[in-house]
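One-based numbering, in listed order, for ligands and for the atoms of each. What you see is a predicted model, and the numbers here were worked out from it, not measured in a lab.
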Amino acid sequence: MLDAFSRAVVAADSKTSPIGGEELASLKGFIAEGNKRLDAVNAIASNASCIVSDAVAGMICENTGLIQAGGNCYPNRRMAACLRDGEIVLRYITYALLSGDASVLEDRCLNGLKETYTALGVPLQSTGRAVGIMKAASIAHINNSNTEGNGGKRFRKMEMINGDCASISSEAASYFDRVISALS
Ligand SMILES: CCC1=C(C)/C(=C/C2=NC(=C\c3[nH]c(/C=C4\NC(=O)[C@H](C)[C@H]4CC)c(C)c3CCC(=O)O)/C(CCC(=O)O)=C2C)NC1=O
């Protein structure tokens, strides 16, 4: 499991070179932009249960067979497992976003997940859809562009200084995309 710093060390070591110009510049950027990263992690983590339940509900609305006999969110035991998996995936995405590296997500969450789901009959496409909705909601929270129209009764705006979040939100988006591609 690596982070932005240990990743730079491993990369330099594999070239038997000291940590140099470009890597140092990139780590300086990591530090300079650190508060945005922490705000982005907080934007996801403190809205996690809302993001997860909304995504699973949305996935089911689009495919109500999931909660009928034979569907993978039926009975309640499976519904609970599904909501729990949503929380697990989102939690590992916040770890990756905090450390600036996908390895924690890859090694501890995605490794073998597709095989597990296939063995259990958990539908991969539906899972991908739920992760896609979690991505849309999380990116809106990071950019503070969530709207009352989309949030409904549970609409909540974070206290944040609005700045340029393009880079941190596209990094966050890339972790959701990794989950989707690991399951497809
Ligand atoms: C550390 C990381 C980690 C992950 C990721 C993880 C996933 C995980 N999800 C599981 C089950 C499951 N996962 C789901 C999920 C879903 N069903 C649906 O229809 C939806 C598409 C989807 C939710 C979005 C369901 C329903 C089960 C139970 C399947 C069954 O027992 O039949 C199982 C089998 C054991 C169990 O039921 O607890 C594992 C190991 N466990 C871990 O420790």
Give the atoms of ligand 1, by number and element, whose distance to some non-hydrogen atom of C73 is under 4.0 Å. 18 (C), 19 (O)
The option among L113, I60, V56 carrying the non-hydrogen atom nearest to atom 5 (C) of ligand 1 is L113
Tell me: protein heavy atom nearest atom 8 (C) of ligand 1, and distance? D85 OD2, 3.5 Å
Show me which atoms of ligand 1 lie under 4.0 Å from any heavy atom of R77. 30 (C), 31 (O), 32 (O)
Ignoring hydrogens and geometry, is there a side-chain-to-backbone donor-acceptor pair from T64 to C61 under 3.5 Å? no
Given 3.5 Å as the limit, does a donor-acceptor pair link the side chain of R7 with the main chain of D3, or not? no
Suppose we measure from atom 21 (C) of ligand 1 to each protein heavy atom; which comes out shortest, and what is that distance? T127 OG1, 3.4 Å
Charged N to carboxylate O below 4.0 Å: is that the case for K135 and D177? yes
For S99 and V104 the tightest heavy-atom approach is OG-CG1, 4.3 Å
At under 4.0 Å between heavy atoms, which part of L66 makes contact with ligand 1: side chain, backbone, both or neither? side chain
Main-chain N/O of R91 paired to T94 side chain as donor or acceptor, under 3.5 Å: yes
Would the distance check show the side chain of N143 and the main-chain N or O of S145 forming a donor-acceptor pair, the cut-off being under 3.5 Å? no
Of all the heavy atoms in M59, does at least one lie under 4.0 Å from an atom in ligand 1? yes
CZ on R37 to CG on L97, rounded to 0.5 Å: 6.0 Å
Check whether any side-chain N or O of N146 sits under 3.5 Å from a backbone N or O of R156 as a donor-acceptor pair, and report yes or no. yes
As an exercise, identify every atom of ligand 1 less than 4.0 angstrom from a heavy atom of Y117. 9 (N), 13 (N)
Salt bridge check, K15 against E23: does any charged N sit closer than 4.0 Å to a carboxylate O? yes
Counting only nitrogen or oxygen atoms and a 3.5 angstrom limit, does R84 reach ligand 1? yes
What protein heavy atom sits nearest atom 32 (O) of ligand 1, and how far off is it? R78 NE, 2.7 Å
Could you check whether Y175 and Y92 have their ring centres less than 6.0 Å apart? no
Using a strict cut-off of 4.0 Å, indicate which atoms of ligand 1 neighbour a heavy atom of P123. 19 (O), 21 (C)
Under 4.0 Å from one or more heavy atoms of A81, ligand 1 contributes atoms 12 (C), 25 (C), 27 (C), 28 (C)
Return a yes/no value: protein heavy atom under 4.0 Å from atom 19 (O) of ligand 1? yes
Looking at E87 and R84, is any side-chain nitrogen of the basic one under 4.0 Å from a carboxylate oxygen of the acidic one? no
Of V52, I88, N72, the residue with the heavy atom nearest atom 26 (C) of ligand 1 is N72
For ligand 1 and R108, I'd like to know whether there is a polar contact (N/O to N/O, distance under 3.5 Å). no
So, is Y92 polar-close to ligand 1, with some N/O to N/O distance under 3.5 Å? no
Considering only heavy atoms, which of L110, N63, L120, T116 lies nearest to atom 11 (C) of ligand 1? L120
Of the listed options (C109, C82, G112), which comes nearest to atom 15 (C) of ligand 1 when hydrogens are ignored and any heavy atom counts? C82
